[in-house]
Amino acid sequence: MRKVETPEGRSVRLLRVGEQVRHILSDILTRGDVHDDTLQSHLVSVTEVRMSPDLRHALVFVKPLLGQDEEVVLKALRTNTAFFQREVATRVSLKYAAKLKFRADESFDEGGKIDTLLRGAHVAQDLGDEVE
C-alpha cells in the first residue's frame with residue numbers, strides 16, 4: 001500500500017481524520033451540547049486538530065472569540081475532555097478513541113506580530129517608492 005503525504009509531511013488520512021474531529025468538536029460547541037456555563041457563554045473556534053500517526057492522540061487548537069478569557073475557556077474544555085472524547089469516539093469510526101488535548105491557538109497572535117513588523121517604518125524605508 002502506497003503512503004500518500006502532503007507537502008508538509010503529514011498523510012492525507014491524518015488530515016482527513018483531524019478535519020472530521022474538528023467538525024465534530026465545532027458542532028458540539030456550536031449546539032451547546034456541553035453542560036458547562038463557561039463554554040455556553042463563550043464562542044469558541046476549533047481552528048485545527050492534529051492527529052498522531054497512530055490516531056490515538058489529537059492535539060486540538062482552540063481560540064475563544066476575540067481571545068477573551070482564554071485561560072478560563074481552556075480550563076473548561078480540559079474539564080470536559082472525557083465528554084468530548086466520548087462524543088468523538090461515537091461519531092468517528094476508528095479502532096481506538098483518540099485522547100484529546102486542548103491548546104490555545106497562537107497563530108493569530110504570531111500573524112498580528114508579523115503584520116505589525118511589515119507595516120513598520122523600517123520596512124517602508126527599505127521599500128522606498130515601491131509602496132503604494
Side-chain angles (χ1 to χ4, degrees):
M1 184 172 179
R2 192 179 79 184
K3 187 174 180 180
V4 181
E5 288 191 356
T6 62
E8 297 86 29
R10 288 187 264 170
S11 75
V12 175
R13 182 168 189 239
L14 291 179
L15 294 173
R16 190 177 65 238
V17 172
E19 193 63 15
Q20 271 187 310
V21 172
R22 187 183 74 78
H23 279 282
I24 291 167
L25 292 173
S26 295
D27 186 48
I28 292 168
L29 290 169
T30 302
R31 289 181 179 204
D33 293 343
V34 184
H35 301 293
D36 188 291
D37 294 333
T38 304
L39 294 177
Q40 289 182 349
S41 65
H42 289 82
L43 294 175
V44 181
S45 295
V46 180
T47 56
E48 183 183 2
V49 176
R50 292 184 190 161
M51 301 298 296
S52 67
D54 62 357
L55 298 175
R56 289 187 184 205
H57 301 279
L59 189 56
V60 181
F61 291 94
V62 295
K63 188 75 173 176
L65 186 66
L66 303 174
Q68 296 176 341
D69 302 328
E70 193 169 89
E71 290 302 319
V72 174
V73 169
L74 277 174
K75 186 174 191 264
L77 287 168
R78 289 174 180 153
T79 302
N80 293 292
T81 300
F83 171 77
F84 288 116
Q85 287 176 180
R86 196 169 40 253
E87 286 295 312
V88 168
T90 57
R91 296 183 192 189
V92 178
S93 56
L94 293 173
K95 188 174 184 178
Y96 301 101
K99 297 212 185 289
L100 304 177
K101 196 177 241 187
F102 292 96
R103 293 249 171 94
D105 189 356
E106 303 296 332
S107 63
F108 295 106
D109 299 332
E110 291 297 317
K113 288 177 188 175
I114 291 170
D115 188 50
T116 302
L117 288 173
L118 291 175
R119 295 180 189 275
H122 294 299
V123 174
Q125 177 185 356
D126 288 344
L127 293 176
D129 294 332
E130 295 176 25
V131 178
E132 292 195 43

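Values reported hereafter were calculated over all heavy atoms of this structure, with side chains retained and with hydrogens, waters and symmetry mates removed.
Not counting sequence neighbours, the partners of Arg56 by the side chain to side chain donor-acceptor pair (under 3.5 Å) test are Tyr96. Residues passing the ring-ring contact (aromatic ring centres under 6.0 Å, His included) test with Phe61, sequence neighbours excluded: none.
Atom CZ of Arg103 sits in a sparse spot, with 12 or fewer heavy atoms from other residues, nucleotides or ligands closer than 6.0 Å. Residue Asp54 places its CG atom among more than 12 non-hydrogen atoms of other residues, nucleotides or ligands, all under 6.0 Å distant.
Rounding to the nearest 0.5 angstrom, the gap separating the CD atom in Gln40 from the CG atom in Asp33 is 9.0 Å. Rounding to the nearest 0.5 Å gives a distance of 9.5 Å between OG of Ser45 and CG of Leu29. Remark: Glu70 CD to Asp105 CG distance equals 8.5 Å, nearest 0.5 Å. The CZ atom of Arg50 lies 10.5 Å from the CG atom of Leu15; values are rounded to the nearest 0.5 Å. Rounding to the nearest 0.5 Å places CD1 of Ile28 at 5.0 Å from CD of Glu87. Between Ile24 atom CD1 and Gln20 atom CD the span is 6.0 Å, to the nearest 0.5 Å.
At a threshold of 4.0 Å, the pair Arg16-Glu19 does not count as salt-bridged, since none of the basic side-chain nitrogens sits closer than that to a carboxylate oxygen.
Pairing each heavy atom of Leu14 with each of Met51, the nearest pair is O-CG, 3.8 Å. Scanning all heavy atoms of the two residues, the minimum distance from Phe102 to Leu77 falls at CE1-O, 3.7 Å. Between Arg13 and Leu55, the shortest heavy-atom distance links the atoms NH1-CD1, 3.3 Å. Contact record, Val49 with Gly18: CB-O, 3.4 Å, taken as the closest heavy-atom pair.
By the rule that hydrophobic residues join a cluster once side-chain heavy atoms approach within less than 4.5 Å of another member, Leu59 and Val73 end up as members of separate clusters.
Side chains of Thr47 and Val62 form no contact here, defined as non-hydrogen atoms less than 4.5 Å apart. With contacts defined as side-chain heavy-atom distances shorter than 4.5 Å, the pair Leu100/Leu25 qualifies. Using a 4.5 Å cut-off on side-chain heavy atoms (C-beta onward), Leu94 and Val17 make contact.
Every pair passing side-chain hydrogen bond (donor to acceptor under 3.5 Å, both in side chains) that includes a residue from residues 73-85 is listed here, sequence neighbours excluded: Asp36-Asn80.
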